[in-house]
K.L.:
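I'd like to ask you about the structure that follows.
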Amino acid sequence: MATRSSGFSRTQTSRGNSCKNIFNKIRQGQIKGVGLTRGSQFPVALLEERDKRAQWQGIPVLLRRLHESSHPNSDLSKIHSMELSSLLSMEAMSFVTEERKTPQESISPNTYTFDLFGGVDLFVEILMRPTLTVQGDLPILSDDLIKDCLSVLYNCCICTEGVTKSLAAREDFITFLFTLMSNKKVFLQTATLIEDILSVRKEIIQLEEIPNLASLVQSFNQQQLANFCRILSVTISEPDVGVDDKHTLLARSTQQKTSTCPSRAESNQVTLVNIPGFIERLCKLATRKVTEAADASARLELEDWHSWLDNALVLDALMQLAIEEAEQSSTAVLFGLTKLPQSMKIVHEIMYKVEVLYVLCVLLMGRQRNQVHRMLAEFKLIPGLNNLFDKLIWRRQPSGHVLHRQNQNCDCSPEISFKIHFLRLLQSFSDHHENKYLLLSGQELNELSDIYLNANVFEMEALIKTDRNLVCDGKKGLLTRLISVMKKEPIDSSFRFWQARAVESFLRGTPSYADQVFLLRRGLLEHILYCIIDSGCKSHDVLQSYFDLLGELMKFNIDAFKRFNKYVNTEEKFQMFLTQINSSLVDSNMLVRCIVLSLDRFESQTKDVKVVEVFSECRLLSYMAQVENRLSFLFRLTSIINVQTLTQENVSCLNTSLVILMLARRRGKLPFYLSALREKEYAEKYPGCLLNNFHNLLRFWQHHYLNKDKDSTCLENSSCIPFTYWKETVSVLLGSGRSSRCAIASYIDEAYRDLDRDFLEL
């Protein structure tokens, strides 16, 4: 018995090993490039004999037969791939519907076997056969065969990450797929596969290398163009490096030195903008009205869908089922529908707009910004969005939804993504650009003109030049509608961050008294103060956005400070306000800068009765007027940053420190402030540490800003201090003369001086 048992065990082991040996031989051949590299090289008899024990579902034999019938001179119309397509699609469907596992966590034996026995390479070869044939008649691939091949490859990408990466490495295949999109009958399948492949590429493709790209894009209908935007979003966005160090200004500066040419993403943006009619068609897509359900009860709970309908192309497939149910009745039954509900059509339109708004937003922030701005104004994007605004559903989002910042991936529902991209577009559109007044209606422009007239102040040139044929229709423009929505938003809503950013961008640049008063009249200041002081808001991101907005709203505006004092009418409220500011100076330093700048201006307006009255009553101005409080802010601002940690987010702390010192220099008090910093160092038991750090920060400031036209203009406009004075002050502070009372070096004892080290060594 023992012998038989032992013999049976050896037989089973040998059979199992024989199957593994086939796998191993193929893998070794693929790795070394010699020997057996695909399963079709094995005899059919051997494959059939091993198939049942290995549970290969007949895939190796099917591939062998398919390979034999697909040689260069074969009739491709006789190729049958449906059986393979069905096997793999069922496995892919199971993978997608079972909690969306990652490829590493999912076992997909059919897909693995298909790939191992050369199926992926074979199907790519079949698809590209017409482009590889040099002589004779070109082989003709039926639309059904192309669909099957694309479907099989996509299913393999879903279940096996390695397949996606291998396809992504084939430039010729990607280029071929783009040209294949000209075939309307296989557009959806092709676009889906391209999107999946491009998402794993480390290097962005160059759109200018796609043959006849302009004519291809112009041939798309609006539905196809919207889906094409999903692909474009990958090609025009800079890849997220995913490491915080790479986002520091020092790292970016080093990178810019080594790479003076535009990135691929920037080149692709230029390519798209120059395609005739492209921007105009995107504007039409973005402003196309969303069809509403007949009654509120028919509205779709979008969060219930996004767990599996996270792809506009999937939804397109369902839409086609409804349109072509007579031709595809069996598939419609499979999905349990013969007609899509009205609510799904709303989702469909929203998902389109998410992609379109994203592309427009990226182009607005690119090197072609002014050209894109002119086009968006000409094609009336803003009035169109204004007409859509009331159709958007602003409601409380699920508790599990978190705020996504500018460069973060987002797995939100379509509706949430739509709103975020909408708000980001408004922010990009009005940020430091004269076209911002297009966000208003004609009636609101008249109100601005009246504010200037009553205040006896000259109108801003941008307001005078605004083309009233391009502004919002009706009584309310987009800006007013946005403020109304923001005031009704639940306090813990993640939209508050983006809403505040969009409104703040309207105020950025040279302070405009009329713009501020326009928003003050709509109760914005009181609402912001409520959110900061009384609402219990805990989100640092939302609070930062409100601090920034409050700073722009109050800067140099005595009416705003009067309103502030009326709302913050108790010592308890004022202390709560200070607590919020002091809780994170990185978040609140722009507001601190606004208060310091405003205080400096108001102190020089001693003949203005209203200014004197407000100044004498305002807790905030009285607090900042105390030099020890300004010194406290200066000390903390210069302590929380260094050259290695400077980013676009916290470099404002350095500039706020500079503003405090520039204003001190104007009044001849710069030596007093530097002496106070030295005394603070010694009191804290680390002499030289703060001033050495500040010296290095100012050296980097010169390196960063003296080559940045846009950044320097922003500093000048927002502070109303000429940039020449910024540069002079920094030069004075960095002076090498040890006897200079305005040079930082004069306040550091020789034993602690460390001023000349290279940035990279710090």
Side-chain angles (χ1 to χ4, degrees), residues 207-208 214 217 229 232-233 235-238 252 256 260-287 356-386 406 421-440 445 459-472 477-479 501-512 515 552 648 705 707-718 723:
L207 291 179
E208 62 182 1
V217 173
C229 284
L232 294 181
S233 65
T235 68
I236 60 177
S237 305
E238 297 292 352
R252 289 184 178 182
Q256 288 171 356
T260 56
C261 299
S263 67
R264 287 194 170 192
E266 291 172 329
S267 298
N268 288 341
Q269 292 171 22
V270 174
T271 298
L272 291 175
V273 171
N274 291 332
I275 294 178
F278 177 71
I279 298 295
E280 181 179 9
R281 292 184 66 191
L282 289 191
C283 288
K284 289 180 178 178
L285 270 170
T287 57
V356 173
L357 292 182
Y358 179 82
V359 170
L360 288 175
C361 189
V362 173
L363 295 178
L364 260 180
M365 295 187 293
R367 294 191 178 190
Q368 308 296 110
R369 187 187 186 212
N370 289 331
Q371 182 183 353
V372 174
H373 241 294
R374 287 194 299 271
M375 291 179 173
L376 298 188
E378 178 186 352
F379 302 130
K380 297 189 174 183
L381 174 69
I382 298 303
L385 292 176
N386 187 51
Q406 192 87 0
H421 287 312
F422 175 84
L423 294 170
R424 287 180 61 183
L425 180 70
L426 293 190
Q427 177 189 354
S428 303
F429 186 85
S430 56
D431 188 17
H432 291 93
H433 203 282
E434 59 187 17
N435 276 350
K436 69 179 186 178
Y437 290 111
L438 297 183
L439 294 175
L440 306 182
L445 290 178
E459 286 189 41
M460 299 282 283
E461 185 179 359
L463 177 61
I464 298 173
K465 290 184 176 181
T466 298
D467 187 344
R468 299 201 169 212
N469 294 316
L470 303 178
V471 301
C472 296
L478 264 181
L479 184 64
R501 281 283 177 257
V503 177
E504 183 214 343
S505 68
F506 180 81
L507 293 171
R508 283 185 197 155
T510 304
S512 164
D515 292 354
E552 294 295 338
Q648 204 63 45
Y705 281 102
N707 297 315
K708 297 276 186 179
D709 293 337
K710 180 184 176 184
D711 284 354
S712 61
T713 302
C714 292
L715 288 178
E716 179 173 315
N717 290 341
S718 64
F723 190 64

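Positions are given from 1, in the same order as the sequence printed here.
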K.L.:
I need the His432 NE2 to Leu507 CG distance, nearest 0.5 Å.
P.N.:
11.0 Å
K.L.:
To the nearest 0.5 angstrom, please state how far the CD atom of Gln368 sits from the CG atom of Asn274.
P.N.:
6.5 Å
K.L.:
Sequence neighbours left out, what passes side chain to side chain donor-acceptor pair (under 3.5 Å) with Asp467? Give chain and number order.
P.N.:
Asn469
K.L.:
Taking all non-hydrogen atoms of both residues into account, name the closest pair between Pro383 and Leu470 and its distance.
P.N.:
CG-O, 3.2 Å
K.L.:
Determine whether Leu376 and Ile279 make a side-chain contact, defined as any pair of heavy atoms from C-beta on separated by less than 4.5 Å.
P.N.:
yes
K.L.:
Sequence neighbours excluded, which residues qualify as side chain to side chain contact (heavy atoms under 4.5 Å, CB included) partners of Ser505?
P.N.:
Gln427, Ser430, Asp431, Arg508
K.L.:
Partners of Arg374 by side chain to side chain donor-acceptor pair (under 3.5 Å), sequence neighbours excluded?
P.N.:
none
K.L.:
According to side chain to side chain donor-acceptor pair (under 3.5 Å), who are the partners of Asn268, at least two apart in sequence or on a separate chain?
P.N.:
none
K.L.:
Mind checking whether Tyr437 and Asp515 have side chains closer than 4.5 Å, heavy atoms only?
P.N.:
yes
K.L.:
Go through the structure and list residues passing side chain to side chain contact (heavy atoms under 4.5 Å, CB included) with Glu378, not counting sequence neighbours.
P.N.:
none
K.L.:
If you take all heavy atoms of Cys361 and Ser428, which pair is closest and at what distance?
P.N.:
SG-OG, 3.4 Å
K.L.:
My understanding is that only residues two or more places apart in sequence, or in another chain, count here; which of them pass salt bridge (Lys or Arg N to Asp or Glu O under 4.0 Å) with Arg281?
P.N.:
none
K.L.:
Restricting to non-hydrogen atoms, name the atom on Val273 and the atom on Met375 that form the minimum distance, rounded to 0.1 Å.
P.N.:
O-CE, 4.0 Å
K.L.:
Got a sec, which residues hit salt bridge (Lys or Arg N to Asp or Glu O under 4.0 Å) with Glu266, two or more places apart in sequence or on another chain?
P.N.:
Arg367
K.L.:
Which heavy atom in Arg369 sits nearest to a heavy atom in Phe429, and how many Å separate them?
P.N.:
NH2-O, 4.0 Å
K.L.:
Sequence neighbours left out, what passes side chain to side chain contact (heavy atoms under 4.5 Å, CB included) with Ala214? Give chain and number order.
P.N.:
Ile275
K.L.:
Any chance you could measure Thr235, atom OG1, to Arg264, atom CZ, to the nearest 0.5 Å?
P.N.:
11.5 Å
K.L.:
Leu232 versus Leu207: any side-chain heavy-atom pair under 4.5 Å?
P.N.:
yes
K.L.:
Please check: side-chain N/O of Gln269 versus main-chain N/O of Ile236, any donor-acceptor pairing under 3.5 Å?
P.N.:
yes
K.L.:
Just to verify, what does His421 make a ring-ring contact (aromatic ring centres under 6.0 Å, His included) with, not counting sequence neighbours?
P.N.:
Tyr358
K.L.:
Starting at CG of Leu439, measure out to NZ of Lys436 and round the result to the nearest 0.5 Å.
P.N.:
9.5 Å
K.L.:
Could you check if a side-chain atom of Phe506 sits within less than 4.5 angstrom of a side-chain atom of Leu478, using non-hydrogen atoms only?
P.N.:
no
K.L.:
Not counting sequence neighbours, which residues clear side chain to side chain contact (heavy atoms under 4.5 Å, CB included) with Val471? List them please.
P.N.:
Leu438, Leu445, Thr466
K.L.:
Hey, could you give me the CG/CZ distance between Leu282 and Phe379, rounded to the nearest 0.5 Å?
P.N.:
10.5 Å
K.L.:
Mind checking the CG-CG spacing from Asn386 to Leu440? Nearest 0.5 Å is all I need.
P.N.:
10.0 Å
K.L.:
So which atom in Leu425 and which in Leu364 form the shortest heavy-atom distance, rounded to 0.1 Å?
P.N.:
CD1-CD1, 3.7 Å
